[in-house]
Undergrad: 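Right, I'll just put the structure down here and ask away after.
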Amino acid sequence: MKYFGFAFILFLTDRAAGFGTTPHLKQIVIGRCYEYVTLINPSSRYNCEEIWQEFEEAVIRQSPCGVRVKDYQRMFRASTQILPCDKLLFWSKTRDLMHSYAAVKGSVWTLENTLVGFMFNDLIWCRQQDRERGFDYHTCPEWSTCLNHPVYSLWKQASVNFAAAACGNITVLLNGSIHQAFNRKSMFGSVELENLNPRMVFHVHINVVYNLEGPFVESCAQGSIMGLTEVLTTRGFHWTCTDNDLTLIILQCIKNPQWAACQRCSNSL
Ligand SMILES: *[C@@H]1O[C@H](CO)[C@@H](O)[C@H](O)[C@H]1NC(C)=O
Ligand SMILES: *[C@@H]1O[C@H](CO)[C@@H](O)[C@H](O)[C@H]1NC(C)=O
């Protein structure tokens with residue numbers, strides 16, 4: 001019993017430590033901002049110190065579960081960005097593939113390619129109960145237990161801005177190996193889709209991708225993705241939908257050449 005108790009406490013502290021504010025948050029955020037304006041997008045002009053200050057202010061002023069979307073308004077104003085037409089990529093549950101797709105296509109823009117997305121990617125933050133003590137590096141509330149989680153609110157506003165700025169042709173990458181490939185509760189389904197403007201977006205290209213080993217659960221003509229195409233049609237968007245885009249299969253095969261599906265592909269060349 002004693003042993004069990006000890007292991008349990010270890011497990012809890014481990015978890016708590018894993019969910020606290022990312023260590024060196026300030027250095028990382030400011031450093032990424034300078035990297036962005038210096039190396040990644042040298043033509044852009046931003047005041048990285050000011051962006052950090054507005055961010056810190058937004059998080060510290062409110063309770064740990066009470067940072068609303070609008071509390072980040074000043075931070076977003078300091079990091080306003082004009083996005084290119086015809087290049088935006090939206091995705092849901094296809095994170096790994098999205099990265100290699102973006103790398104190969106070169107000029108594709110995901111939320112993580114924007115300044116705010118780049119600065120805050122994979123980071124966690126929250127304030128201590130006692131405002132004077134600043135960020136809580138030990139533990140942060142889980143998203144589900146918070147009405148206005150500081151991390152969620154920032155990503156929500158970043159997603160709204162990203163979608164609202166979309167113009168020309170856009171691509172949506174969905175995962176056909178899971179049920180609810182189009183999930184109305186995902187950031188794409190609940191926030192981004194709603195903020196796309198049919199007068200600015202010329203064409204929505206949906207790409208359904210599968211794990212090489214399957215399962216093949218949903219497609220353009222089956223399951224939740226039809227819910228998406230319905231919404232698009234109703235709102236007046238032009239769209240096309242492709243399952244099994246060859247570029248995407250080849251990208252997956254480069255990473256996993258041993259899969260049977262990839263052998264067939266190389267044998268037929
Ligand atoms: C689809 O989703 C599953 C479960 O989240 C994930 O393991 C898999 O890598 C995803 N497939 C693709 C092609 O992104
Ligand atoms: C936009 O999509 C349409 C329809 O697929 C295509 O005909 C057109 O060439 C695309 N334009 C650009 C700039 O990609």
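As the structure lists them, so they are numbered: ligands from 1, and atoms in each ligand from 1.
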Undergrad: Assess Met98 for proximity to ligand 1: is some non-hydrogen atom of it under 4.0 Å away?
TA: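 The answer is no: ligand 1 sits nowhere under 4.0 Å from a heavy atom of Met98.
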Undergrad: Which atoms form the tightest heavy-atom contact between Trp109 and Phe162, and what is the distance?
TA: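 What the structure gives for the nearest pair is O-CZ, 3.5 Å.
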Undergrad: In terms of relative ring orientation, are Trp52 and Phe55 parallel, tilted or perpendicular, with 30° and 60° separating the classes?
TA: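 Ring orientation of Trp52 relative to Phe55: tilted.
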Undergrad: I need the full list of side chain to side chain donor-acceptor pair (under 3.5 Å) pairs touching residues 180-199, with sequence neighbours left out, sorted by first then second residue.
TA: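 Non-adjacent pairs meeting side chain to side chain donor-acceptor pair (under 3.5 Å): zero.
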Undergrad: Any N/O of Ser177 closer than 3.5 Å to an N/O of ligand 1?
TA: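 N/O-N/O distance below 3.5 Å does not exist for this pair.
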Undergrad: Write 'none' if nothing qualifies; otherwise put on separate lines each N/O atom of ligand 2 with a protein N/O atom under 3.5 Å away and their distance to 0.1 Å.
TA:
unit_1	atom_1	unit_2	atom_2	d
ligand 2	2 (O)	Asn169	OD1	3.4
ligand 2	2 (O)	Asn169	ND2	2.3
ligand 2	11 (N)	Asn169	ND2	2.9
ligand 2	14 (O)	Asn169	ND2	3.2

Undergrad: Do Ser44 and Gln81 pair up side chain to side chain, a donor and an acceptor below 3.5 Å, judged on atom types alone?
TA: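 There is no such pair between these side chains.
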Undergrad: Asp243: what forms a salt bridge (Lys or Arg N to Asp or Glu O under 4.0 Å) with it, not counting sequence neighbours?
TA: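 Listed in chain order: nothing, the list is empty.
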Undergrad: Taking atom types as modelled, find out whether Thr242 and Asp245 have a side-chain donor-acceptor pair closer than 3.5 angstrom.
TA: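 No.
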Undergrad: Quick one: do Arg127 and Asp71 make a salt bridge, cutoff under 4.0 Å?
TA: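 Asp71 and Arg127: not salt-bridged.
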Undergrad: Go through the structure and list residues passing side-chain hydrogen bond (donor to acceptor under 3.5 Å, both in side chains) with Asn256, not counting sequence neighbours.
TA: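 Asn256 satisfies side-chain hydrogen bond (donor to acceptor under 3.5 Å, both in side chains) with no other residue.
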Undergrad: Which ligand 1 atoms, with their elements, are less than 4.0 angstrom from a heavy-atom of Lys93?
TA: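 Numbered from 1, ligand 1 contributes 1 (C), 2 (O), 10 (C), 14 (O).
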Undergrad: Report the part of Gln252 (side chain from C-beta onward, or backbone N, CA, C, O) that has a heavy atom under 4.0 Å from ligand 1; answer both or neither where that applies.
TA: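 Side chain only.
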Undergrad: Mark up the atoms of ligand 1 that fall under 4.0 Å of a heavy atom belonging to Thr94, in ascending order.
TA: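 Result: 14 (O).
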Undergrad: Might you confirm whether atom CD of Glu230 has over 12 heavy atoms from other residues, nucleotides or ligands at distances under 6.0 Å?
TA: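 No.
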Undergrad: If the contact criterion is a heavy-atom separation under 4.0 Å, does Asn211 count as touching ligand 1?
TA: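 Yes, Asn211 has heavy atoms under 4.0 Å from ligand 1.
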